Structures are given as C-alpha cells and as structure tokens.
Amino acid sequence: MKKHNEQFEKNIARLVKSTGEQQIPSEHFTNDLIEEALKGLPKDQPRRQKRSTIMKPFIKSFIKIAACVTIVGALLSAILMPSLQTSKERAASVVMKYDQLQMDILYEEGYATGSMAHGGTTPPNGEDVDAMFFKTYGVNPFVDTEDDHLSTFAIDVDTGSYTVCRRYLQQGNLPPKEAVRVEEFVNYFKYDYPAPREDNFAVFFEAMPWQFGAERKNTQLMRIGLKAMEIPDEHRKPAILTFVIDVSGSMNRENRLGLVKQSLRMLIDKLRPEDKIGIAVYGSRGRHILRHTGLEDKYAILEAINSLQSEGSTNAEEGIRIGYDMADKAFVPGYINRVILCSDGVANVGRTGHEEIFKMIKDKADKGVTLSALGFGMGNYNDVLMERLGDKGNGYYAYIDTLDEAKRLFSNLTGALQVVARDVKIQVDFNPDVVRSYRLIGYENRDVADVDFRNDKVDGGEIGAGHSTTALYELKLWPEKAGKIATTYIRYKDPDTFEVTEISADFDSQQTAEGFSDISNSFALASVVTEFAEIMRESYWAKGAKLEDTLAKAKQIHTELEDNTDVNELVDLIDRASRLLKDKTATEPAPIHDEDGPQPAEIHYK
Amino acid sequence: MEPHMVQTTDSSLEIQIGSPDVWRQVLARTVPQLYGMFIRRGSHPALAEELTQKTVFDAIRRYETYEPSKGTPEQWLFTIGKNNLALEMRNRQNHAKPDSDLLKYLDAMDSAPLPDEVLERKETAELVRTALSQLDAKEQAVLTSKYLDDMSARQIGQAMKLTEKAVHNLLYRARIALRDKLIQLAPQFREEQQI
C-alpha cells in the first residue's frame with residue numbers, strides 16, 4: 001500500500017481551509033456537492049410521482065377495499081361449492097395475495113424491512129406476520145490469556161450474511177444488526193492467498209497495530225487466512241446433484257422462482273456429461289419432478305426447470321425428505337452427492353420444530369450426502385433456518401439476490417461442489433508472555449470447546465477446493481514484549497478416507513507490520529470489511545468507531561484495486577450505510593461514550 | 001372513483017417528487033447561502049463545508065417529506081441546516097474543552113483529529129497563513145488549489161502541467177512540509193501573539 005495517513009491529510013485540509021476568508025464556498029466545492037447530491041434522487045420519476053402524498057391514503061384504502069371484496073368473493077365461492085377443491089385453493093391464494101398487498105403497503109408507508117426484522121428464534125410455522133428472521137449470537141469478549149490462552153472454533157465459508165445486508169443497503173435500509181455475521185462478511189471477499197502446491201492447506205498470517213472504536217492500548221489486528229488446495233475443473237469428481245426447490249406462493253414474490261430458474265440454467269451450462277441432476281419441488285405437497293438424469297439429456301432437464309410454477313403453501317419438510325430419498329437412490333460412492341435447497345426458508349406446513357429435519361440432514365451428511373442452502377428472496381426471508389441447514393448439511397449457505405451473485409457463486413463450481421477437507425477446526429494457542437488478551441471477531445456461532453479440538457466426533461466446518469477462509473483477532477499485547485504471538489493448529493478430516501490430519505504454524509511479533517500503509521492489499525481489505533461489519537452489528541467493541549474513517553480506508557484500497565468489482569461495491573455499500581447511520585443518529589440523542597463501561601457479560605452460543 | 005393526478009408546474013412540488021433539474025437550480029442558489037450562514041455563525045471553513053454537505057444530503061434523502069405549504073425549498077434547507085448546526089454545538093458540549101497549547105495538537109496531528117475549537121481560533125489561521133507563505137511556491141500552490149479551491153488532482157495537474165501521479169507526490173511532500181513548518185513556527189508564533 002502507498003504510505004497514506006487519512007487522519008493527517010484531513011487535519012492538513014482543515015488547517016489550510018481555515019485560512020479561507022470568503023463567505024462563500026469555492027466553485028468546485030459547490031459544483032461537486034450538487035452533482036454528488038443529485039445522485040441520491042430517484043431515476044424513475046413517474047413511479048415516484050404516484051407515491052406523492054396527495055394520492056397515498058386514497059389509493060391505499062382503495063386497494064384494501066378491493067382486496068377485501070375479492071377475498072370475501074373467493075371465500076363465498078369456496079363455501080358455496082365445497083366439492084370444488086380448486087376454489088378452496090384459490091381462496092387460500094387470494095388470502096396470501098392480500099398479505100402480500102399489505103406488505104407492499106407497509107413498504108409504501110416507509111416501514112423499511114430493517115425495522116420489521118426481529119431477532120427472534122420463533123419457528124416460522126404458523127407465523128402469520130410477515131417478517132424476516134435473524135438470530136443474534138452475541139459478540140465475543142476479550143479473553144485474558146492468563147485465564148484461557150486457547151481459542152477454538154470451527155471454520156466457516158458461508159457468505160450469505162453479506163449478500164443479505166447488501167440487499168438491505170441497496171434498497172435504502174440499514175440491515176438489522178442480527179443479520180450481520182462478521183465472518184460471512186469477511187469470507188465474501190477473495191484475498192489472493194496463493195494455493196498450496198502439495199498440502200491440503202496453506203496458512204497465512206498478518207498483523208498490524210489497529211485502533212478501532214474507543215482507545216485501547218497496544219492493540220493489534222491479526223489475520224489468519226486458510227487456503228485450500230485447488231482442483232482443476234477436469235479433475236473434479238462427477239456430481240450427483242438433487243435440487244429441492246421451494247415453489248410455494250412466497251417464491252412468487254420479487255420473481256424469486258424466476259431467479260432460481262435462471263441460476264439453475266447457468267449452473268447446468270457448467271456441468272459435465274457424467275454429472276446427473278434430479279429435481280424435487282415442494283409447495284402444498286412435496287413431489288419429485290425429474291428423476292436423476294445425465295447431462296447428455298440436457299433438454300429434459302431444461303424442460304423440467306422451465307415447467308416450475310409457484311403454488312400454494314410451503315411444506316418444506318416433505319420436499320426435503322423426498323429430495324433426500326431421491327439422492328439416496330442415486331447415490332454413488334466416491335462421487336459428489338449433494339442436495340441443493342433453493343428456498344426463501346419460509347416453512348408453514350409440516351411439523352413444528354426443525355430439529356427433526358436438522359437431525360436427518362446431519363445423519364445423511366455423515367453418510368456422504370451433503371446439503372447446500374441457497375437463499376432467495378427478501379421481505380419474509382428466514383436467514384436462521386437457511387444458515388443452520390447449510391451448517392448441519394456439511395455444505396454451505398449462500399444468499400443469491402441477483403443473477404450476478406449466482407454467476408459469482410458458480411464461477412468456481414469445483415470449489416462449490418467438491419469438499420477437500422471436512423470438520424475443519426482451528427485452535428489458536430496464544431503466548432501469554434506477549435499477548436495479554438484477545439478477542440475473536442465473529443464466528444460466535446462456530447464456537448468449539450477447547451477440549452473438543454481433538455475430539456473428532458465434534459463437528460467442524462467444510463471447505464471446498466480452492467476456497468479460502470479468514471479469521472481475525474483483535475489482540476492486546478503487553479507493552480514492549482516481543483516473541484511468539486501464537487501457534488495455530490488446524491485439524492481436519494479427509495472427505496473420502498476420514499483420515500485426520502493436524503498441521504500447525506507459528507506467528508511472531510517481528511512479523512507484524514508497522515501500520516495500515518505497510519500491509520498487503522488483501523489484509524487491508526479484510527480489516528476494512530471487519531470494521532464495516534463490526535459497526536453494522538453495533539458491536540460493543542465498535543463503540544466510538546466512525547464509519548467515515550472506514551469509508552476513507554475503503555476508498556484508498558479501491559484506488560489500489562481499481563478493477564476489483566467487489567471492492568467497488570463495498571465502497572458503495574459503506575457509503576450508503578454511513579449516510580443512513582448519520583440520518584439515524586441525527587434523529588436520536590447523542591450516544592454516551594463510556595470507555596470504562598461494562599463489557600458484554602452474556603455471550604450466547606448455540 | 002379513480003383518483004386523478006394533480007398536474008402542476010410549481011417548483012415546490014417538483015422538489016417533492018425529486019425532479020433533478022429543479023433540485024439543481026435550488027441547490028445552486030442555496031449551497032453558497034448555507035455555507036455563508038455557517039461561517040457567520042462562527043464555524044471554521046472546513047466545518048462550514050461539512051455542515052453544508054450534511055444539510056444537502058439530508059434534504060435529498062428526505063425530499064419526499066418536503067411540505068410546500070410550510071415554506072419554500074430554500075427555507076426548508078435552512079431549517080435543516082440550523083438543526084445540524086445546533087446538533088454540532090450540542091455534541092461539542094459533551095467533549096472536554098481543548099487545551100490552549102496549539103503545539104500539543106500539532107504534534108499529534110498524524111493520529112488525532114484537530115479539535116474544532118482550535119481551528120476556529122484566529123491565531124491558528126494566522127499561523128497557517130505564515131507557514132504556507134514560507135513553503136516552496138509549488139508546495140504552496142498545490143495545497144491551496146487542493147484544499148482552498150477544492151480542485152481534483154487531475155485539475156491541478158492540468159493547471160500546473162504535471163501528471164496526476166506527480167500531483168499526488170507533490171501533495172504528499174507538501175503536507176509533510178506544512179506540518180513541519182507549523183510545528184517549527186508554533187512556539188515563536190504564540191510568543192509573538194502574546195507580545
């Protein structure tokens with residue numbers, strides 16, 4: 001990185017400006033400000049015009065009355081013709097559409113999705129309120145090395161949280177803090193770690209002094225990066241894929257099902273002739289619509305995909321069971337056997353708890369049929385369920401909001417499908433002579449007890465070919481102590497032979513950088529993403545941190561990585577978030593900065 | 001019972017529906033006035049710029065809430081601006097009063113923001129003017145073009161016949177030179193002021 005100090009430059013700018021004696025701003029300032037500000041106006045004037053306040057109440061009541069009349073009509077017809085099953089279904093679907101209308105009206109009134117979300121863990125069964133489901137797992141505290149010098153967790157390669165939050169911001173809302181999982185933000189980005197040539201894994205360390213939030217002394221940010229070996233596409237194992245597709249009424253919204261279809265077509269273009277695809281769907285009932293078919297019969301597969309239509313309520317459990325039955329029948333040892341669930345995670349029919357599904361998915365995963373959860377949709381999306389399904393299924397969880405995101409996900413199809421290490425766990429052993437305390441940033445729901453690190457019955461995370469995962473620690477060092485900071489142990493199983501391997505690597509204080517300007521671009525990026533996520537989830541440790549400072553760093557990275565579209569997008573998102581936050585704080589009383597205040601006492605693990 | 005659209009050419013309504021052309025005209029008039037208002041109420045120039053920016057972005061974000069019956073768009077922007085200034089002053093009361101020793105802040109300016117109160121002192125502006133005048137002509141020009149005239153590196157490059165990269169390098173050197181000069185002059189300057 002270029003040597004650059006944002007704070008220093010800002011001070012110089014303000015000092016030089018202080019010599020200005022005019023009562024008007026410079027012409028450049030005025031013009032730049034106007035151009036920048038006008039970007040915030042909507043591009044589609046006519047749509048906005050409809051929403052002008054003069055018309056709003058009138059249209060709303062009109063829509064409500066019309067919807068009520070339609071519902072009453074449909075219900076009456078269902079009652080008058082009880083023998084006609086279809087009328088009943090029609091009535092049900094009208095009720096659902098009315099819900100949807102109400103939802104749209106709420107949006108119109110400016111009740112952003114952010115404010116509707118809640119962090120509850122209530123299962124969505126029987127839930128008639130339209131809502132988003134997120135769960136908070138707390139924020140890791142600083143741990144004194146004297147008390148516990150071991151930090152143990154399971155790796156995670158999920159990225160869903162970042163894309164969900166991106167969707168919120170792009171729609172002009174702050175995401176609810178429960179939707180932010182720092183590790184998923186960090187792992188969304190690609191960090192150009194070189195792939196190992198011989199081993200399954202390569203490990204990378206980097207650290208720098210880090211001042212974030214309230215002033216803490218001798219603090220460092222340390223990154224541990226793990227890169228799995230790459231497998232050329234032609235060496236990928238053949239794949240038996242079973243798609244379980246949610247075609248319930250809710251998938252009709254925002255063209256979710258349309259996006260699923262497009263994504264599947266894209267995936268099929270990337271598969272090889274020896275791969276096979278089977279499709280099960282679920283609406284009111286689950287059923288299979290395509291037996292496992294080889295890619296040589298691509299036409300039949302495409303036809304099945306095109307025939308998907310949304311219908312009725314959501315019997316996810318039945319759909320998932322049918323999908324697994326199909327996968328069992330098509331199972332080929334040594335191949336990739338994967339169930340891919342495409343859903344918005346909303347289940348309203350079937351058994352109440354999800355525990356049974358989780359148990360079944362876990363059992364199947366142990367026998368070699370893994371599951372990936374692909375999330376679609378917003379408005380009543382269930383993030384908790386989708387994340388846990390991916391976790392239990394030894395697969396992963398990703399959220400697809402656009403076709404571009406599907407493209408990005410499938411760009412490394414081999415990595416997305418072929419796991420190179422199972423049950424990967426990391427244990428970091430900090431040196432108490434150098435490190436006073438540490439906190440793991442994120443991974444709150446991936447906690448593993450220290451004693452279970454070498455217990456191979458305890459679950460870890462899975463990692464695909466060429467995939468990488470990154471963990472960050474904030475460290476408080478003892479003043480003027482040098483030496484080994486930590487030894488990191490990584491333990492994993494071979495996906496085929498289940499043979500256990502453990503590797504380790506040391507990191508020394510001499511290897512730490514002097515500051516933000518001396519570190520690699522990829523570490524700089526990871527640090528900025530971490531700050532962004534910490535602020536967005538209102539972490540205790542982000543108190544006093546300013547998103548503007550993070551934005552300035554992000555912009556700096558962007559000048560170095562101009563062609564990186566992910567970074568470009570990140571700058572835009574931080575910019576949006578910082579404006580929304582300013583707006584929010586302007587309407588709230590100023591926060592009280594209490595650096596000596598209590599640490600978060602309650603830590604919730606799953 | 002179809003509600004009919006209200007057709008109007010009134011610029012107040014155009015503001016409410018977010019018409020960029022009308023907004024551009026309003027902002028071209030109001031931005032300099034807002035800045036002047038902040039300066040007159042005691043803000044230093046950098047703060048006046050920040051408050052102007054905040055006010056404009058606040059208004060654009062909430063354009064739909066503008067109520068024509070309550071006043072012109074200019075009046076509305078001024079109300080938002082005054083609220084922002086009041087908020088700024090309130091936040092400032094929560095902080096400790098800064099030390100009178102300027103040197104202390106200059107020494108730490110690599111890592112800590114200079115307090116607004118320091119930037120509002122007359123002697124700070126005097127010190128910076130003196131320091132600037134003692135810099136090499138090119139360094140002085142690049143700093144004032146960048147921070148007083150708010151020109152981009154490209155525009156400065158065109159004016160000074162330099163590449164953009166060279167402008168960045170020059171700016172980098174000039175900032176350090178200015179800091180060193182400020183630190184060098186500060187004690188002597190304070191004495192002069194006291195005499």
Side-chain angles (χ1 to χ4, degrees), chain A residues 2-5 7-43 45-46 48-55 58-59 62 110 172 211 215 559 579-580 582-583 585-586 589-593, chain B residues 1 3 5-6 13 16-20 23-24 27-28 31-32 35-36 39-40 44-49 52-54 56-58 60-61 63-64 83-84 87 90-91 94 109-114 119-120 124-125 128-129 132 143-144 146-152 155 172 175 178-179 182:
Chain A
K2 249 181 255 164
K3 268 226 176 279
H4 191 88
N5 181 335
Q7 185 64 64
F8 172 54
E9 179 175 356
K10 196 172 171 193
N11 282 333
I12 290 283
R14 300 179 103 211
L15 281 168
V16 176
K17 280 184 198 298
S18 75
T19 63
E21 285 170 307
Q22 303 242 5
Q23 299 247 327
I24 51 163
S26 76
E27 210 181 308
H28 285 292
F29 170 81
T30 308
N31 293 341
D32 291 351
L33 173 58
I34 293 174
E35 289 315 314
E36 195 56 40
L38 290 179
K39 287 182 192 162
L41 290 174
K43 291 191 184 86
Q45 293 297 314
R48 291 280 173 169
Q49 205 148 351
K50 271 190 201 161
R51 291 168 56 173
S52 89
T53 49
I54 302 165
M55 300 177 56
F58 205 86
I59 289 187
F62 179 78
Q211 264 310 330
E215 198 177 323
T559 58
R579 287 177 197 194
L580 289 166
K582 266 192 207 157
D583 210 20
T585 43
I592 301 157
H593 294 283
Chain B
M1 280 220 349
M5 290 292 300
V6 180
L13 260 188
Q16 193 189 17
I17 62 168
S19 157
W23 263 103
R24 191 187 302 277
L27 289 180
V31 164
Y35 178 91
I39 290 283
R40 281 191 301 278
H44 60 89
L47 182 62
E49 284 188 3
T52 308
Q53 271 169 350
K54 180 168 169 27
V56 168
F57 282 116
D58 283 351
I60 290 271
R61 206 161 35 232
Y63 70 90
E64 280 175 305
N83 285 342
N84 282 335
L87 192 75
R90 242 195 341 268
N91 284 343
N94 295 339
M109 71 187 274
D110 285 9
S111 52
L114 289 167
L119 288 159
E120 275 157 14
T124 308
V128 181
R129 267 187 218 115
L132 273 173
L143 288 172
T144 52
K146 172 81 180 164
Y147 300 118
L148 270 186
D149 301 333
D150 299 288
M151 286 161 76
S152 69
Q155 289 161 338
Y172 177 72
R175 282 194 294 261
L178 178 61
R179 178 193 55 194
L182 286 169

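Here is how names work: the chains are called A, B, and so on, in the same order as the sequence lines, proteins then strands, and each is numbered from 1. Worth saying up front: this structure is predicted, and the values here are computed from it rather than measured.
At least one donor-acceptor pair under 3.5 Å links the side chain of B:R129 to the backbone N or O of A:T19. Under a 3.5 Å cut-off, the side chain of A:N11 and the backbone N or O of B:M109 do form a donor-acceptor pair.
With a 4.5 Å cut-off on non-hydrogen atoms, B:D58 touches chain A through its side chain but not through its backbone. Using a 4.5 Å cut-off between heavy atoms, A:E36 contacts chain B through both its backbone and its side chain. For B:T52, the parts lying near chain A are the backbone and the side chain together; criterion is any non-hydrogen pair under 4.5 Å. There is no contact between B:E120 and chain A, counting heavy-atom distances below 4.5 Å. Residue A:E27 does not touch chain B at all, counting heavy-atom pairs closer than 4.5 Å. If you measure heavy-atom distances from B:L119 to chain A, the contacts under 4.5 Å come from both the backbone and the side chain. Both the backbone and the side chain of B:A28 come within contact range of chain A, with heavy atoms under 4.5 Å apart.
In terms of heavy atoms, A:I12 sits closest to B:R179 at CD1-N, 4.3 Å. When all heavy atoms are compared, the tightest approach of B:P32 to A:P25 is CA-CD, 3.6 Å. Taking both residues in full, the closest heavy atoms of A:R579 and B:R61 are given as CB-NH1, 3.3 Å, listed atom of the first, atom of the second, then distance. Across every non-hydrogen atom of A:G20 and B:P45, the tightest pair is O-CG, 3.9 Å. Listed here is the closest heavy atom pair of A:A13 and B:Y147: CB-CD2, 3.3 Å. The two residues B:V128 and A:S18 come nearest to each other via the heavy atoms CG2-OG, 4.2 Å.
Looking only at side-chain heavy atoms (C-beta outward), B:H44 and A:K17 stay at 4.5 Å or farther from each other.
The distance from the CD atom of B:E49 to the OG atom of A:S26 is 6.0 Å, given to the nearest 0.5 Å. With rounding to the nearest 0.5 angstrom, the NE2 atom of A:H28 is 12.0 Å from the CG atom of B:L148.
In terms of heavy-atom pairs under 4.5 angstrom with chain B, the leader among A:L15, A:L580, A:D32, A:T30 is A:L15. For chain A, the option among B:I39, B:L132, B:V31, B:L47 with the highest count of heavy-atom pairs below 4.5 Å is B:V31.
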Candidate pair B:F57 and A:L33, rule side-chain contact (heavy atoms from CB on, under 4.5 Å), full reasoning:
CA-CA 9 Å; B:F57 282 116; A:L33 173 58; 3.9 Å; yes

